[in-house]
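Everything on this sheet refers to the single structure shown next.
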Amino acid sequence: MEARNFSVLVIAHGRAGHLRNLLAGVERSAELPCEVVLVYMDEPDPEPVSCTVPLRIHHVTSHPGEAGLPLARARNTAASAAASPNLVFLDVDCIPADTLFTALLDAIEGDPVLAMAEPRYLPAPLLAGFGIDDAALLGASVPHHARANLAGGGERSRHEMFWSLGFAIKAGIFFRLGGFDEGFTGYGAEDTDFAFRARKQEIPMCFVAEPLFHQHHGVHKPPLNHFEAIIANARNFHVRWGTWPMEGWLGAFAGMGLIRWDPDGSGIDVMRMPEPAEVEATRSNDPY
């Protein structure tokens, strides 16, 4: 088979160990990209990493007043810097299965499509010497309860199910969609907005069966550490689409008395900010 021209695009902030594992996964893939475009967010002096695939590094910084990392701008920067017509996006926490790139490229080869990998979650940090091996990673990981066995298509391939942690798209389609909306900053909704714009342009979405392994890191449930960004992004999304994203998190915030929110209504009223002790109490070691 003739080598296919594609770029792997990675956005990162911290987590140098995760990044090394991601790059090791890229290096052992059945099909190798022509480059890895790595965009650091708010990290001017990152820990050095290396890759046998050509590695091109860029930096973006948050603008004053932004609530969180500039995720959308980082992905757009990576796409603009890419040298190939096929784009594979990976978040820094992810390790591709050795045949994942092949499956994603097969999916986007014909008609315009947005193709997403099926995530599997590692419930504990990888130990030194574990090795980046698909059989070991499969044995150590679990599927996401809401995103298991999605590759069958049909109703499961709804655009609402899109996550930006691992997906492929042709560069021409990405720019036709306008990339990610940089009006969304920090955690939440920028990927759903991107998928909704794909749906509006009648670009279908599909999942591939080959997994993407998500490396363990601590989370907050609900994510009170991203409270301001979630509220701002949810409002922004609702103005555009007339529906609410992240309803589970908004419902949790309402249940804690932090916001007043009616899912069938038109707005969110912030009643109070979460206290530091409340944020700390939401820490979780669950895999997702």
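Computed from a predicted model, the values in this text were never measured in an experiment. Quick note: numbers below take in every heavy atom, side chains included, and nothing from hydrogens, waters or symmetry partners.
The two residues Val208 and Ala103 make their nearest non-hydrogen contact at CG1-O, 3.7 Å. Contact detail for Asn5 and Ala83: the closest heavy-atom pair is ND2-O, 4.4 Å. Nearest approach of Ala234 to Ile268, heavy atoms of both residues: CB-CD1, 4.1 Å. Glu43 and Ala12 make their closest contact through OE1-O, 4.2 Å (heavy atoms, listed as atom of the first residue, atom of the second, distance). Residues Ile230 and Pro223 share a closest heavy-atom pair of CD1-CG, 3.5 Å. Here the closest heavy-atom approach between residue Phe6 and residue Glu31 is recorded as CZ-O, 3.5 Å.
For the pair Phe180 and Asp193, the minimum side-chain heavy-atom distance is 4.5 Å or more. Two residues are said to be in side-chain contact when any heavy atoms from C-beta on lie closer than 4.5 Å; Leu177 and Gln201 meet this criterion. With a 4.5 Å cut-off on side-chain heavy atoms, Asp91 and Ile11 count as touching. Between Tyr40 and His13, every side-chain heavy-atom pair lies at or beyond the 4.5 Å cut-off. No side-chain heavy atom of Glu160 sits under 4.5 Å from any side-chain heavy atom of Pro245. Residues Leu87 and Phe167 have side chains not in contact (no heavy-atom distance under 4.5 Å, counting atoms from C-beta outward). For the pair Cys34/Ser7, a side-chain contact is recorded, criterion being any heavy-atom separation below 4.5 Å from C-beta on. Considering only heavy atoms from C-beta on, Pro70 comes within 4.5 Å of Met41 through its side chain.
None of Asp106, Thr102, Asn86 except one satisfies the side chain to side chain donor-acceptor pair (under 3.5 Å) rule with Arg4; the exception is Asp106.
Separation of atoms OG (Ser141) and CD (Gln215) is listed at 11.5 Å; rounding is to 0.5 Å. One finds the CG atom of Asp134 at 9.5 Å from the CG atom of Leu100 (value rounded to the nearest 0.5 Å). In this structure, the separation between CG on Leu122 and CG on Leu138 is 9.5 Å, given to the nearest 0.5 Å. With values rounded to the nearest 0.5 angstrom, Leu258 atom CG is found 6.0 Å from Glu278 atom CD. Leu38 contributes atom CG, which lies 9.5 Å from atom SG of Cys51 (distance to the nearest 0.5 angstrom). Rounded to the nearest 0.5 angstrom, His226 NE2 and Met246 CE are separated by 11.0 Å.
In this structure, Trp244 and Trp261 have perpendicular ring planes: the angle between them is above 60°, well past the 30° mark. Between Trp163 and Tyr121, the angle of the ring planes goes over 60°, which puts this pair in the perpendicular group of the 30/60° scheme.
Of the possible polar contacts, one joining the Asp133 side chain to the Ala136 backbone as a donor-acceptor pair under 3.5 Å is found. For Asp98 (side chain) and Ser29 (main-chain N/O), no donor-acceptor pair under 3.5 Å exists by modelled atom type. Between the side chain of Ser80 and the backbone N or O of Thr77, no donor-acceptor pair lies under 3.5 Å.
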Inset, instruction - Apply side-chain contact (heavy atoms from CB on, under 4.5 Å) to the pair Phe227 and Ile259, showing each step before the final yes or no. - result: CA-CA 10 Å; Phe227 179 77; Ile259 64 173; 3.7 Å; yes
Inset, instruction - Check the pair Arg176 / Ile203 against side-chain contact (heavy atoms from CB on, under 4.5 Å), numbers first and verdict last. - result: CA-CA 11 Å; Arg176 193 178 95 192; Ile203 296 170; 3.5 Å; yes
Inset, instruction - Output, in order, the C-alpha distance, side-chain angles, deciding distance and verdict of side-chain contact (heavy atoms from CB on, under 4.5 Å) for Val26 and Val36. - result: CA-CA 9 Å; Val26 170; Val36 175; 4.1 Å; yes
Legend entry - Verdict with supporting geometry, Glu35 and Val37, side-chain contact (heavy atoms from CB on, under 4.5 Å): CA-CA 6 Å; Glu35 63 181 353; Val37 181; 3.7 Å; yes
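Salt bridge Glu109/Lys170: absent, no basic N to carboxylate O contact under 4.0 Å. Taking 4.0 Å as the cut-off between side-chain N and carboxylate O, Arg73 and Asp181 do not count as a salt-bridged pair. A salt bridge links Arg283 with Glu280: the closest approach of a Lys/Arg side-chain nitrogen to an acidic carboxylate oxygen falls below 4.0 angstrom. Between Arg15 and Glu47, no side-chain nitrogen of the basic residue sits less than 4.0 Å from a carboxylate oxygen of the acidic one, so the salt-bridge criterion is not met.
For the 3.5 Å distance criterion, the side chains of Asp42 and Ser62 qualify, holding a donor opposite an acceptor. Counting only N and O atoms by type, the side chains of Glu190 and Asn233 include no donor and acceptor under 3.5 Å apart.
Note on Met271 and Phe253: separate hydrophobic clusters, where clusters join Ile, Leu, Val, Met, Phe, Trp and Tyr whose side-chain heavy atoms are under 4.5 Å apart, directly or indirectly. The hydrophobic clustering, which links ILVMFWY residues whose side-chain heavy atoms are closer than 4.5 Å, places Leu104 and Met205 together. Met161 and Trp249 are not part of a single hydrophobic cluster, where members link through side-chain heavy atoms under 4.5 Å apart. Taking hydrophobic clusters as Ile, Leu, Val, Met, Phe, Trp and Tyr residues chained together by side-chain heavy-atom distances below 4.5 Å, Val270 shares a cluster with Leu250. Note on Leu9 and Val53: same hydrophobic cluster, where clusters join Ile, Leu, Val, Met, Phe, Trp and Tyr whose side-chain heavy atoms are under 4.5 Å apart, directly or indirectly.
Under the ring pair (Phe, Tyr, Trp, His ring centres under 6.0 Å) criterion, His58 pairs with no residue, sequence neighbours left out. Taking the ring pair (Phe, Tyr, Trp, His ring centres under 6.0 Å) definition, one finds that Phe196 meets it with Phe237, Trp241, sequence neighbours left out. Applying the ring pair (Phe, Tyr, Trp, His ring centres under 6.0 Å) test to Phe184 and every residue at least two apart in sequence or in another chain returns nothing.
Ring pair Phe89/Phe174: centre-to-centre distance below 6.0 Å.
For Arg240, the CZ atom is densely surrounded, since the number of other residues' heavy atoms within 6.0 Å is greater than 12. Annotation for Glu182: atom CD counts as buried by contact number, over 12 foreign heavy atoms lying within 6.0 Å.
Annotation: cation-pi geometry not satisfied between Arg120 and Phe213 (NZ/CZ under 6.0 angstrom from ring centroid, within 45° of ring axis).
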